[in-house]
Amino acid sequence: MNPNIQTKADSTTQLEPILEIRDLITEIRVPGRSLRPVEIERLVVPRGQVVGLVGESGSGKSMTAYSVLNLFPTAAASIHSGSIVLDGVDMVKVRENERVKIRGNKVGMVFQDYALSFNPVITIGKQLMEQLLTHGRHENAKAKVLSVLDEVGLSAEVFSRYPHELSGGMLQRVGIASALVCDPPLIVADEPTTALDVTVQAQILELLKSIQKERNLSILLITHDLGIVAEICDLVYVMYVGQIVEHGTVHKIFKSPSHPYTQGLLQGASSVQSVGTHEIRVAIQGSIPGLTEIPSGCRFHDRCPHTMEICRLQQPGFYEVDGLQAACWLHDAEHSHG
Amino acid sequence: MAETTLLEIHDLAKYFEVGRSLFKKKQNLYAVDGVSLYVRKGETLALVGESGCGKSTTGRLILNLEQPTAGSIFYRGKDLAGYSAADWKLYRQGVQVVFQDSHSSLNPRKTIRHILTAAMFSSGTIPRNKAQDAEERARALLSEVGLRPAEVFLAKYPNELSGGQRQRIGIARALSTNPDLIVADEPVSSLDVSVKAQVLNLLDTLQKEKGVAFLFISHELSVVRSIADRVAVMYLGKVVESGPVAEVFDAKVHPYTEALISATPIPDPDTTRNKKRIVLPGGVPSPMDPPKGCPFHPRCFRAESKCATEVPPTVEVAPGHHAACHFAEERFSSYESMT
């Protein structure tokens, strides 16, 4: 690594975010038209922070993760415009052969389900070493893999095991090890505990928390589970049909959400702590629209309990409300009733 | 049991034979291993536990989709083992099911009209020559589950509906035979937060209106807390604790119940970060080789030497509240002294 870059990063740790997304539009080409699953004005992951990206299925949160790596599950998807600056490098502008070097080295990815992600006929150790070798780090590759396995709480014995010999929780640990093996400063984790049982999920969350602290990692955590966000995130971005509708610190978002969608999500989230039995709060009617039927104006207007005339016509910009940023006309002085 | 008991199961067991080959001796997978439960009329009993604990198999045994290895199931006081063909017909009308995956449980090539009326015809709820009655009933059911205007939905195919709407069709189909018990196997697990609340609310409303009982199988404790009257916690094919939902969740008599609840994140940063968290070591042991003594002892934070050798008896710590732990009474009295 270039020592000059290292010092520059150190001196500006507080200022320069590890990841900054601006005016990102990701599109999927289908016959006759193009759909836009992601339209993000701005999303920032500060260094050493855990940023949660929450939304329901179909909100575009996973597509955002793929966009950061510029690596899509389908050839029909690509970045249309915008910038994704990762540790000073714009992932949209650089050539593919540069990106290959950045993936793994600058950003690691943790996926939801590792049951089918690993090659079943190659040992775990070999698959983890492969990453180091592709990035030209031949020296002590095995020692490095063993130390990462130890870091994620797996014994050295796992090195020579095959994927099918491991349980779901162990495979998820291997997945985290594989994201960490090249020591990237940023991890993008897409629903890392969704496929796991709750007691195993608790183990993985504890592990992520401790690794984050020790390495001062930045994490972009994509999840639909508000409990996990409350547990581990510093900042939260709430996504709805491809767009960010509200963002701010985790305490403020949970305490006094300003966007009706966030309010509805939080009210509808059931908790083991709820007081009364048979107490179900339905906060949002209807379901999330598909990309072919995006409503005009504010995309949430047809499900919103506070819809006004302007909501149908025009998309709201962001307003600052008690330290949160919310894209909602209710907070516009001219249009709000209050 | 009391008059109000609808379904009762005694020491129910289901072992699956696995790994049988030329070179291997056959092995048993103890999916359900001595489960006793009851469901009262009009109540919701939740069956919770992690994957592989036997909660779905218990549901399938009740639905007669699997044959029990041992034990018995009583519906309205009569043992299923002695059922005649006429009894079975009534049972299939009385006990219905809603599955988790609404996509694969609805025939993609049939309209909603066909899906709903076929259930009424084949169960004998409405005779086949009364097609008009069936259609009217289908229309009424769709309105009841919140799919309006019903005429529009009757002509649709399952793939034209969203996940939440399909799950409502599944519920309407279950209701079409006028059941008094619905086995709902993870009915909201694949739904999004906002839709999940809508479907749970629908189930709750239907219960109040029709007095139907639910056996609600779920791995989500937060959902169970909001919908169930009573809960049974399963681990490795056994019920480790059961009782009224609020008391079980508060008292947490069995250490496994305590661990499950403490592992579930709470959607509130202040509470969830300050609570004491029990992180259990390892994963659930294989149901092919369950531990001796108490099945939970290798992962238990309260375990003592006798837990490894003696199977704990199921004791009643409070009326209707049972737990299978050597320290159940001690743990319950310490909870009582705290409140």
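Quick note: numbers below take in every heavy atom, side chains included, and nothing from hydrogens, waters or symmetry partners. First the proteins, then the strands, lettered A, B, ... as listed; each starts at 1.
When the candidates B:Asp229, B:Leu260, B:Leu221 are compared by the number of heavy-atom contacts under 4.5 Å with chain A, B:Asp229 comes out ahead. Of the listed residues A:His224, A:Glu206, A:Lys255, the one with more heavy-atom pairs under 4.5 angstrom with chain B than any other is A:Glu206. With respect to chain B, the highest number of heavy-atom pairs below 4.5 Å among A:Cys233, A:Gly168, A:Gly153, A:Ala283 belongs to A:Cys233. In terms of non-hydrogen atom pairs under 4.5 Å with chain A, the most contact-rich of B:Val245, B:Ile261, B:Asp270 is B:Asp270. Listed options B:Asp204, B:Val195, B:Val279 were ranked by heavy-atom pairs under 4.5 angstrom with chain A; first place goes to B:Asp204. Chain B forms the most heavy-atom pairs under 4.5 Å with one residue out of A:Val198, A:Ile284, A:Leu226, and that residue is A:Val198.
Proximity to chain A is absent for every atom of B:Gln165, based on heavy atoms less than 4.5 angstrom apart. The contact between A:Gln203 and chain B is made by backbone and side chain atoms together, counting heavy-atom distances below 4.5 Å. Contacts between B:Val223 and chain A at a heavy-atom distance below 4.5 Å involve backbone atoms as well as side-chain atoms. With a 4.5 Å cut-off on non-hydrogen atoms, A:Ile232 touches chain B through its backbone but not through its side chain. For chain A, the nearby parts of B:Asn201 are the backbone and the side chain; heavy atoms of each come within less than 4.5 Å. Heavy-atom distances place no part of B:Ser262 under 4.5 Å from chain A, backbone and side chain included. Of the two parts of B:Ser162, only the side chain, counted from C-beta on, holds a non-hydrogen atom closer than 4.5 Å to a non-hydrogen atom of chain A. Contacts between B:Pro244 and chain A at a heavy-atom distance below 4.5 Å are absent for every atom of the residue. Residue B:Val193 touches chain A through both its backbone and its side chain, counting heavy-atom pairs closer than 4.5 Å.
Note that the CD1 atom of A:Ile280 and the OG1 atom of B:Thr205 stand 7.5 Å from one another [nearest 0.5 Å]. A distance of 11.5 Å separates CZ in A:Phe254 from CD1 in B:Ile266, rounded to the nearest 0.5 Å. Here the straight-line distance linking atom NZ of B:Lys196 with atom CD of A:Glu56 works out to 10.5 Å at 0.5 Å rounding. Annotation: the span from B:Asp268 atom CG to A:Glu231 atom CD amounts to 11.0 Å, rounded to 0.5 Å. Atom CG of B:Leu200 is separated from atom CZ of A:Arg281 by 12.0 Å, given to the nearest 0.5 angstrom.
At least one side-chain heavy atom of B:Pro265 sits under 4.5 Å from a side-chain heavy atom of A:Gln201.
Counting heavy-atom neighbours within 6.0 Å of A:His251 NE2, excluding the residue itself, gives a total above 12.
Across all non-hydrogen atoms, the minimal contact from B:Arg277 to A:Ala202 is CD-CB, 4.5 Å.
Listed for the B:Glu50 side chain is a donor-acceptor partner under 3.5 Å among the backbone atoms of A:Thr199.
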